[in-house]
Amino acid sequence: MEQIEVSDDSWPWFSWISSSLIVFGGVVPYIPQYQEIKRTSNPDGFSTWVCLVLLVANILRIFFWFGKFFEFPLLLQSIMMILTMLTMLHLCCSLKTMNRVSTKKHCFTDFEAAYFWKWSRFEDYLQFCLCLTIIAALVTFVFLDVLVFVEGMGLLALLTEAMLGMPQLLRNYKNRSTHGMSVTMVLLWTTGDCFKTAYFIIKETPAQFWLCGTIQICIDIAILLQVHYYNKEHSKHG
């Protein structure tokens, strides 16, 4: 009996959908958080350090792509995430400017370590991203043919991204509360991280991707446990 071979292109629609989810799915968790900040005019519940983590990780990941040429949707995902984080920062900066009591401003070009990532204007965050991009581009250009450098940059980029939830985790721990944080955002983080980690494994992407994806899932679960614990604690004292 003649064996019927199934072509890899039998399910092009599935590949297209999964790639689209990878590109745009990372943006979805920030929509409820953006709406929450906009509604309350209070950005304090959202840690802008999350934006720093994702901006650094995705800028480095773009340059990692030039050395490794992994899945193209993952490159597009990095570009989308950078635009999303800049949008979140713009909103937070706008509201903080409106609510600011002090007239003293802190700028990126002041190079004050105490006020790093606590600048007054959105333009300062853009300047930081531009400087990081230029430095990363120059270093990558020089060491692009060095395998250890390329692999190390990929690991650094993805480990940085894996730490995405840590600023929010630490903020919640410090405040002993998850008030102001969108639980929907964290649930979507968890769903997205599970999906993309599975995608990394199926597509046989470099090991850095799925290893760091696993770390992200663990941190997401820790934040969800904080939600349960602090809500339970507040209900006891309430």
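Separating the SG atom in Cys194 from the CD1 atom in Ile221 is a distance of 7.0 Å, to the nearest 0.5 Å. The distance from the NZ atom of Lys105 to the CG atom of Asp124 is 9.5 Å, given to the nearest 0.5 Å. For the atom pair CG of Leu144 and CZ of Phe149, the computed distance is 8.0 Å after rounding to the nearest 0.5 Å. Note that NZ of Lys174 is 14.0 Å distant from CG of Leu169, once rounded to the nearest 0.5 Å. Separation of atoms CE (Met166) and CZ (Arg171) is listed at 14.5 Å; rounding is to 0.5 Å. Note that CE of Met163 is 8.5 Å distant from CD of Gln216, once rounded to the nearest 0.5 Å.
Applying the side chain to side chain donor-acceptor pair (under 3.5 Å) definition to pairs two or more places apart or across chains, none involves residues 79-95. For residues 125-147, no residue pair satisfies the salt bridge (Lys or Arg N to Asp or Glu O under 4.0 Å) rule, not counting sequence neighbours. Counting only residues at least two apart or on different chains, no salt bridge (Lys or Arg N to Asp or Glu O under 4.0 Å) pair has a member in residues 177-187. Listed by first and then second residue, the salt bridge (Lys or Arg N to Asp or Glu O under 4.0 Å) pairs that reach into residues 214-231 come to none, sequence neighbours excluded.
Taking both residues in full, the closest heavy atoms of Ile219 and Ala162 are given as CD1-O, 3.2 Å, listed atom of the first, atom of the second, then distance. In plain terms, the two heavy atoms of Tyr199 and Pro73 that are nearest each other are OH-CG, 3.9 Å. Taking both residues in full, the closest heavy atoms of Gln168 and Ser47 are given as OE1-N, 3.6 Å, listed atom of the first, atom of the second, then distance. The heavy-atom pair separating Leu188 from Pro32 by the smallest distance is CD1-CG, 4.2 Å. Annotation for Leu156 and Thr160: closest pair O-OG1, 2.6 Å, computed over non-hydrogen atoms. Across every non-hydrogen atom of Arg121 and Cys93, the tightest pair is C-SG, 4.2 Å.
Residues that satisfy the side-chain contact (heavy atoms from CB on, under 4.5 Å) test with Cys92, not counting sequence neighbours, are Ile37, Pro43, Phe46, Thr48. Partners of Gln33 according to the side-chain hydrogen bond (donor to acceptor under 3.5 Å, both in side chains) rule, which considers only residues two or more places apart in sequence or in another chain, do not exist here. The side-chain contact (heavy atoms from CB on, under 4.5 Å) search around Leu21 returns Ile17, Phe195, not counting sequence neighbours. With sequence neighbours excluded, no residue forms a salt bridge (charged side-chain N to carboxylate O under 4.0 Å, His left out) with Glu71. With sequence neighbours excluded, the residues that form a side-chain contact (heavy atoms from CB on, under 4.5 Å) with Leu147 are Glu151. Residues forming a salt bridge (charged side-chain N to carboxylate O under 4.0 Å, His left out) with Asp193 (at least two apart in sequence, or on another chain): Lys196. Every side-chain contact (heavy atoms from CB on, under 4.5 Å) that Ile135 has, sequence neighbours left out, goes to Val139.
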Between Thr178 and His228, is the side chain to side chain contact (heavy atoms under 4.5 Å, CB included) condition met? List the steps. CA-CA 9 Å; Thr178 57; His228 173 73; over 6 Å; no
Let's go through Thr133 and Phe63 carefully: what are the C-alpha distance in whole Å and the side-chain angles of both, what is the deciding distance for side chain to side chain contact (heavy atoms under 4.5 Å, CB included) to 0.1 Å, and is it a yes or a no? CA-CA 9 Å; Thr133 302; Phe63 290 105; 4.0 Å; yes
Between Leu75 and Ile62, does the side chain to side chain contact (heavy atoms under 4.5 Å, CB included) criterion hold? Intermediate values first, please. CA-CA 6 Å; Leu75 175 65; Ile62 287 173; 3.9 Å; yes
Verdict with reasoning, Met81 to Tyr30, per side chain to side chain contact (heavy atoms under 4.5 Å, CB included): CA-CA 10 Å; Met81 191 55 68; Tyr30 298 96; 4.2 Å; yes
Residue pair Trp119, Phe122: steps toward the ring pair (Phe, Tyr, Trp, His ring centres under 6.0 Å) verdict: CA-CA 8 Å; Trp119 303 307; Phe122 174 65; over 10 Å; no
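Under the 4.5 Å side-chain heavy-atom criterion for ILVMFWY residues, no single connected hydrophobic cluster contains both Met153 and Ile134. Following chains of ILVMFWY side-chain contacts shorter than 4.5 Å, one cannot reach Ile201 starting from Ile217, and the two form parts of different hydrophobic clusters. Leu225 and Val227 fall into different hydrophobic clusters, where Ile, Leu, Val, Met, Phe, Trp and Tyr side chains are chained together by heavy-atom contacts under 4.5 Å. Residue Leu130 is not grouped with residue Leu83 when hydrophobic side chains (ILVMFWY) are merged at heavy-atom distances under 4.5 angstrom, including chains of intermediate members. Hydrophobic clustering places Leu170 together with Trp117 (ILVMFWY residues linked when any side-chain heavy atoms are closer than 4.5 Å, directly or through intermediates).
In this structure, Phe116 and His106 have side chains that are not in contact, with every pair of non-hydrogen atoms separated by 4.5 Å or more. Taking 4.5 Å as the limit, some side-chain heavy atom of Glu36 sits within range of a side-chain heavy atom of Arg39.
Under a 3.5 Å cut-off, the side chain of Asn175 and the backbone N or O of Ser177 do not form any donor-acceptor pair. A distance-only check finds no donor-acceptor pair linking the side chain of Tyr125 to the backbone of Leu86 [under 3.5 Å].
Heavy-atom contacts from other residues, nucleotides or ligands closer than 6.0 Å to CZ of Phe128 number more than 12. Open room surrounds CD on Glu204; 12 or fewer heavy atoms of other groups in view lie less than 6.0 Å from it.
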Show me the donor-acceptor pairs within less than 3.5 Å that the side chains of residues 49-60 make with the rest of the protein, sequence neighbours left out.
| from | atom 1 | to | atom 2 | distance (Å) |
| --- | --- | --- | --- | --- |
| Asn58 | OD1 | Ser78 | OG | 3.1 |
| Asn58 | ND2 | Leu54 | O | 2.7 |

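Residues Phe111 and Phe108 bring their aromatic ring centres within 6.0 Å.
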